[in-house]
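Reviewing the structure listed below.
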Amino acid sequence: MMLIRSRCKLFDIFRVGSLPLYSTEAVVSSPPALEKRILESGNPKISMVPILNQWVEEGKDVTQPQLQRIITQLSNFRRFTHALQVSEWMSNERNYNLTPGDIAKRLNLISKVHGLEQAESFFRGIPDTEIGFKVYAALLSCYAEHKSLEEAEAIMEKIKKLDLLHLTTCYNMMLKLYAQIGKYEKLDRLMQEMKEKDICNGATFTIRLNAYVAGRDIKGMEKLLMQMEADPMATVDWCTYTTAANGYLKIGDFEKALVTLKKSEQLVRGKTMRLAYESIQSMYAAIGNKEEVYRLWDKIKSFNYSHNSSYISMLSSLVKLDDIDGAEKILEEWESEHIHFDARIPNLMITAYCKRGLLDKAEAYIRRLLDSGKELDGTTWDRLAGGYLMDNDMEKAVQTMKKAILVNGQPRWWPNPFTLVACIKYLKEKGDLELALEILKLCREDGHISVTTYDKLVSYVHNEIPVTEALDLIKGDFKLDEDAQLLVGEN
């Protein structure tokens, strides 16, 4: 078959738009040559199509399973645009017939890259004979991700009629959607339906437990936790108790949170030990218990190799505890023991320095990184620009924000919207329209803002629209709430 391509919460200037960055700590076997070329081309501005075409022009073969593996790998690295390019090339250039799994992946990728409307358009072009459980489940996932409740419920009714063994996955998707949008009555009705059909699994109970925590319904959380402890179908592990501890943290009951974390520790075992200790450690930091943070750090260090993620967890915990001196010592330890550079770690320290007004330290650290030959990404400069904004040094904020956009090479990276609009507003009021428009053009070319938003911001710069705040013009692109505001100093 051929297919034609067809309420964020509160933000601060150091959190918005900063998705996890790359880590080179993992040591894996070398991938085949084509996969290697694709995976090494991480710049989101570079299309994968010329790389694939060049491979074929060199007389080398490429199989459908090979392309399917590449699509999966790119998706796992959140390089959705590149994954979609490979998927489209697979059918449009190589004329491979897409399997139901290929179609489902394409549907999800279109939703992530181009939005729900184009995903629906693609779905309407799929022949009826090719629409089965996998495709319906993918469409349900798209609706759930975009929180389109009515559409998700309609698709769910179609899936129920298929009466397949994998219905639990789709039911759990609906449960999660109800939890995310606060439809707890519907969530409970659906869960009761699952119990009657005897299709609940561990994830079902976990989703409901998280919903109780999100809604601060501690009595409901405790009742369900007792049921889970008595029900063999429910999975009760260390993560279950960290979820419950988070519920106690939300209402400020640190004593119960501490007791629950101790229960969580007792269930830590096997391959998840490092991840478990890192998660529990961060919760001890949220409680404000520095002693427990360091105790778990000793446990984590007793493993044969301390991963970069472990250092990130420890540094984040110490920053949360406002122990900058301790964080600097851990940073020195990481620098002396690890040969694999991970930009998340210096970015974390730079953020901590900037939030506390320690710009001299942030600048000195960045100079040291540059002098040692490290390549800094857009997030590094974005964080520093936020520090200059907090320090009311708008000239440096503007130049650093421009540098962040220019050097950005990470997939799905966005500049911090609060810092960006502050820079545009400053340049407008200063009368430097040329630089303001240059920065906006760079943002549009990199896909940080839509064409519509770009046009509005250009009109804003030229005073061609009624008096408004620049932040109001970009809320849609950055998925900000009406109540989104700048928070200074929150970890």
Side-chain angles (χ1 to χ4, degrees), residues 1-6 68 71-72 75-76 80 83-84 87 91 97-212 214-215 224 228 231 233-235:
M1 180 193 72
M2 280 289 294
L3 287 173
I4 301 175
R5 82 180 57 170
S6 8
Q68 290 168 334
I71 292 167
T72 299
S75 299
N76 289 340
F80 302 122
L84 179 58
S87 175
S91 58
N97 291 329
L98 299 185
T99 67
D102 294 329
I103 298 171
K105 287 182 180 179
R106 174 84 64 87
L107 188 61
N108 263 315
L109 289 170
I110 292 173
S111 175
K112 291 180 183 299
V113 176
H114 298 303
L116 185 58
E117 186 175 340
Q118 288 201 34
E120 290 176 318
S121 177
F122 174 79
F123 176 79
R124 289 192 292 270
I126 302 173
D128 292 341
T129 54
E130 299 295 334
I131 299 179
F133 174 78
K134 286 185 178 180
V135 176
Y136 275 131
L139 183 60
L140 176 62
S141 177
C142 295
Y143 284 135
E145 183 179 11
H146 290 274
K147 296 181 174 58
S148 299
L149 179 59
E150 292 183 8
E151 293 83 355
E153 290 177 330
I155 291 298
M156 187 64 204
E157 289 304 314
K158 291 185 178 181
I159 292 174
K160 288 179 184 179
K161 295 175 182 178
L162 297 177
D163 194 25
L164 295 172
L165 295 176
H166 300 91
L167 273 178
T168 301
T169 301
C170 295
Y171 269 95
N172 284 341
M173 269 195 274
M174 285 303 304
L175 287 178
K176 191 172 182 180
L177 174 58
Y178 287 142
Q180 288 174 337
I181 61 178
K183 299 290 184 180
Y184 298 120
E185 290 184 4
K186 288 191 173 186
L187 187 154
D188 286 331
R189 284 201 298 270
L190 190 61
M191 190 167 179
Q192 182 59 38
E193 183 180 327
M194 293 178 71
K195 288 179 179 179
E196 292 171 358
K197 291 176 180 278
D198 195 24
I199 59 173
C200 293
N201 62 9
T204 306
F205 292 96
T206 300
I207 292 168
R208 187 63 187 104
L209 189 68
N210 275 288
Y212 279 128
L224 179 61
M228 292 175 68
D231 191 334
M233 288 298 296
T235 302

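Note that this is a predicted model, so its numbers are computed, not measured.
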Lys186 NZ/CZ over Tyr178 ring centroid, <6.0 Å and within 45° of normal: no

Report the C-alpha distance between Ile103 and Leu107 in whole Å, list the side-chain angles of each, state the deciding distance to 0.1 Å, and finish with yes or no for side-chain contact (heavy atoms from CB on, under 4.5 Å). CA-CA 6 Å; Ile103 298 171; Leu107 188 61; 5.5 Å; no

Closest non-hydrogen atom pair, [X] against [Y]:
X      : Y      : value
Leu98  : Ser91  : CD2-CB, 4.0 Å
Asn172 : Ile207 : O-CD1, 3.4 Å
Arg106 : Leu84  : CD-CD1, 3.6 Å
Leu109 : Ser75  : CD2-OG, 3.8 Å
Leu187 : Ala211 : CD1-CB, 3.9 Å
Met191 : Leu175 : N-CD2, 4.0 Å

Decide yes or no on side-chain contact (heavy atoms from CB on, under 4.5 Å) for Phe123 and Ile110, but give the supporting numbers first. CA-CA 10 Å; Phe123 176 79; Ile110 292 173; over 6 Å; no

Rounded to the nearest 0.5 Å, what separates atom [atom1] in [X] from atom [atom2] in [Y]?
X      : Y      : atom1 : atom2 : value
Cys200 : Glu193 : SG    : CD    : 10.5 Å
Gln180 : Asn210 : CD    : CG    : 10.5 Å
Ile155 : Met174 : CD1   : CE    : 10.5 Å
Gln192 : Met194 : CD    : CE    : 11.5 Å
Tyr171 : Leu190 : OH    : CG    : 6.0 Å
Lys158 : Leu139 : NZ    : CG    : 8.5 Å

Taking the side chain as C-beta and beyond, is there a heavy-atom pair between Lys105 and Ser87 under 4.5 Å? no

Apply side-chain contact (heavy atoms from CB on, under 4.5 Å) to Thr99 and Gln68, showing your working. CA-CA 10 Å; Thr99 67; Gln68 290 168 334; 4.2 Å; yes

Give every residue pair that meets the side-chain hydrogen bond (donor to acceptor under 3.5 Å, both in side chains) criterion with at least one member in residues 135-144, sequence neighbours excluded. Glu120-Tyr143

Has Asn76 got more than 12 heavy atoms of other residues, nucleotides or ligands less than 6.0 Å from its CG? yes

Of all residues at least two apart in sequence or in a different chain, which pass the side-chain hydrogen bond (donor to acceptor under 3.5 Å, both in side chains) check with Glu117? none

Apply side-chain hydrogen bond (donor to acceptor under 3.5 Å, both in side chains) to Glu151 and list each qualifying residue two or more places apart in sequence or on a separate chain. none

Evaluate side-chain contact (heavy atoms from CB on, under 4.5 Å) for Cys142 paired with Glu145, printing each intermediate quantity in order. CA-CA 5 Å; Cys142 295; Glu145 183 179 11; 5.6 Å; no

Pair Asn108-Ser111, side-chain donor/acceptor within less than 3.5 Å: no

